[in-house]
Amino acid sequence: MKIGILGSGVVGQTLANGFIKHGHQVKMGTGNPNKLNDWLKAAGSNASIGSFEQAANFGDIIVLAVKGTAALNVLEKSGNKNLADKTIIDATNPIAETAPVNGVLQFFTNQNSSLMEELQSKYPQTNFVKAFSCVGSALMVNPDFGGIKPTMFIAGNNDDAKLQVKGILNIFGWEIEDMGKAEAARAIEPLCILWCIPGFRENRWMHAFKLLKNN
Ligand SMILES: NC(=O)c1ccc[n+]([C@@H]2O[C@H](COP(=O)([O-])OP(=O)(O)OC[C@H]3O[C@@H](n4cnc5c(N)ncnc54)[C@H](OP(=O)(O)O)[C@@H]3O)[C@@H](O)[C@H]2O)c1
């Protein structure tokens, strides 16, 4: 598949490398292409760089991996025609500019809303699926927990889009919990706050969530 990655930070690069490792072609969208020269050299012939618009146009599937405060702006730059009828894997979190309090991140959304719902309502023809937002970048692709698969929580309104994302998550080594429609992002996005607390307080960053079930 052709994957357009909107975002060139550690998440964009990690997921891009993951897609390339699993045989896909990637175009990374950025406003600062020069900073990606080293990545491009290392990533090989299935990697390329472009503007946000070019990456969105390239992708059969799109990954949104930009700073939460910039998400709407980057989608606008990407162009509605390049986003319509496509699946967007939304890895973003609505982290506010203000500093964490005792290790607890602050969000710019409230508990009865989510960033993904806001994006989905602005781009109704695009199929957003929340995924990868509740784990650190170092563990996003084929994480090693001694044979135990951690759980990725996903949500989105379109079942076909979620099926595509489930296929990718399977290959990336995740157990999947589909939490339903876009509103479930109100519960998934804040998992990032919980996930980061051991990091900020004790410099522990190598954990992931696992949903234990007996049915
Ligand atoms: N870091 C993690 O482990 C982790 C884990 C789970 C989820 N997330 C979420 O994933 C997203 C990406 O995180 P990240 O750590 O890779 O990097 P980040 O620093 O949050 O985002 C970097 C990207 O955001 C873009 N950006 C920043 N400000 C912008 C602006 N004003 N206008 C347009 N674009 C702007 C940058 O554009 P340029 O390419 O032009 O520089 C770059 O592509 C975030 O929403 C984060 O909350 C992060």
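Not measured: the values here are computed from a predicted model. All values below come from the heavy atoms of this structure, side chains included, with hydrogens, waters and symmetry mates left out. Sequence positions, counted from 1, serve as the residue numbers for this chain. Each ligand, and each atom within it, is numbered from 1 in the order the structure gives.
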Within ligand 1, which atoms have a heavy atom of Ser8 less than 4.0 Å away? 38 (P), 39 (O), 41 (O), 42 (C), 43 (O)
Cluster companions of Leu163 among Ile, Leu, Val, Met, Phe, Trp, Tyr (side-chain spacing under 4.5 Å): none
Count the heavy atoms of every other residue, nucleotide or ligand shown that sit under 6.0 Å from NZ of Lys67, and state whether that count exceeds 12. no
Closest non-hydrogen protein atom to atom 41 (O) of ligand 1, residue and atom name please, with distance? Lys35 NZ, 2.6 Å
Starting at CG of Leu75, measure out to CD1 of Ile62 and round the result to the nearest 0.5 Å. 8.5 Å
Part of Ile95 within contact of ligand 1 (heavy atoms, under 4.0 Å): side chain
Judging by distance only, is a nitrogen or oxygen of Gly31 under 3.5 angstrom from one on ligand 1? yes
Using a 4.0 Å heavy-atom threshold (strictly under), name the region of Val74 that reaches ligand 1: side chain, backbone, both or neither. side chain
Please report which non-hydrogen protein atom sits nearest to atom 21 (O) of ligand 1, along with the residue it belongs to and the distance in Å to one decimal place. Lys67 N, 3.2 Å
Spell out, yes or no, whether Phe153 and Leu15 are grouped together once hydrophobic residues are joined by side-chain heavy atoms under 4.5 Å, including indirect joins. yes
Rounded to the nearest 0.5 Å, how far does CZ of Phe128 lie from CD1 of Ile89? 12.0 Å
More than 12 heavy atoms from other groups under 6.0 Å of CG on Asn102: no
Does CD belonging to Glu202 count more than 12 external heavy atoms closer than 6.0 Å? yes
Considering distance alone, does some N or O of Thr92 sit under 3.5 Å from an N or O of ligand 1? no
Atoms in ligand 1 flagged as close to Gly9, the criterion being non-hydrogen separation under 4.0 Å: 16 (O)
Option with minimal heavy-atom separation from atom 47 (O) of ligand 1, where the choices are Thr14, Val135, Leu191, Asn93: Asn93
When you compare ligand 1 with Phe132, is there at least one nitrogen or oxygen pair between them that comes in under 3.5 angstrom? no
Quick check: does Val10 get an N/O under 3.5 Å from an N/O on ligand 1? yes
Are any of the side-chain nitrogens in Asp90 or Lys130 under 4.0 Å away from the carboxylate oxygens of its partner? yes
Specify side chain, backbone, both or neither for Ala91, according to which of its non-hydrogen atoms lie closer than 4.0 Å to ligand 1. backbone
Quick one: does ligand 1 sit under 4.0 Å from the side chain of Met140, the backbone, both or neither, non-hydrogen atoms only? side chain
Ligand-residue contact atoms, ligand 1 with Thr30, heavy atoms, under 4.0 Å: 38 (P), 39 (O), 40 (O)
Numbering the atoms of ligand 1 from 1, which are under 4.0 Å from a heavy atom of Gly68? 45 (O)
Asn142 and Lys21 side chains, donor-acceptor separation under 3.5 Å: yes
Per-atom contacts of ligand 1 with Ala70, taking only distances under 4.0 Å to non-hydrogen atoms: 28 (N), 29 (C), 30 (C), 32 (N), 33 (C), 34 (N), 35 (C)
Are any non-hydrogen protein atoms located under 4.0 Å from atom 36 (C) of ligand 1? no
Applying salt bridge (charged side-chain N to carboxylate O under 4.0 Å, His left out), name anything that partners Lys86, two or more places apart in sequence or on another chain. none
Under 3.5 Å between some N or O of ligand 1 and some N or O of Val66? yes
Salt-bridge present (Glu175, Lys210; N to O < 4.0 Å): yes
Using only heavy-atom distances, determine whether the side chains of Ser8 and Lys35 contain a donor-acceptor pair under 3.5 Å. yes
Enumerated ligand 1 atoms positioned under 4.0 Å from heavy atoms of Ala65: 11 (C), 12 (C)
Going by the atom numbers of ligand 1, which of them fall below 4.0 Å from some non-hydrogen atom of Gly136? 3 (O)
Parallel, tilted or perpendicular: which one describes the rings of Phe19 and His24, with boundaries at 30° and 60°? perpendicular
Note the single closest protein heavy atom to atom 13 (O) of ligand 1, along with its residue, its atom name and the distance in Å. Val11 CG2, 3.8 Å
Going by distance only, is there an N or O of Lys77 that falls short of 3.5 Å from an N or O of ligand 1? no
Flag atom 19 (O) of ligand 1 as yes if some protein heavy-atom distance to it falls below 4.0 Å, otherwise no. no
Neighbour count >12 (heavy atoms, 6.0 Å) for atom CD, Gln106: yes
Ligand 1 to Gly7, heavy atom cutoff 4.0 Å, flagged ligand atoms 43 (O)
Lys166/Glu177 ion pair, N-O < 4.0 Å: no
Taking 4.0 Å as the limit for heavy-atom contacts, which would you say applies to Ser137 with ligand 1: side chain only, backbone only, both, or neither? both
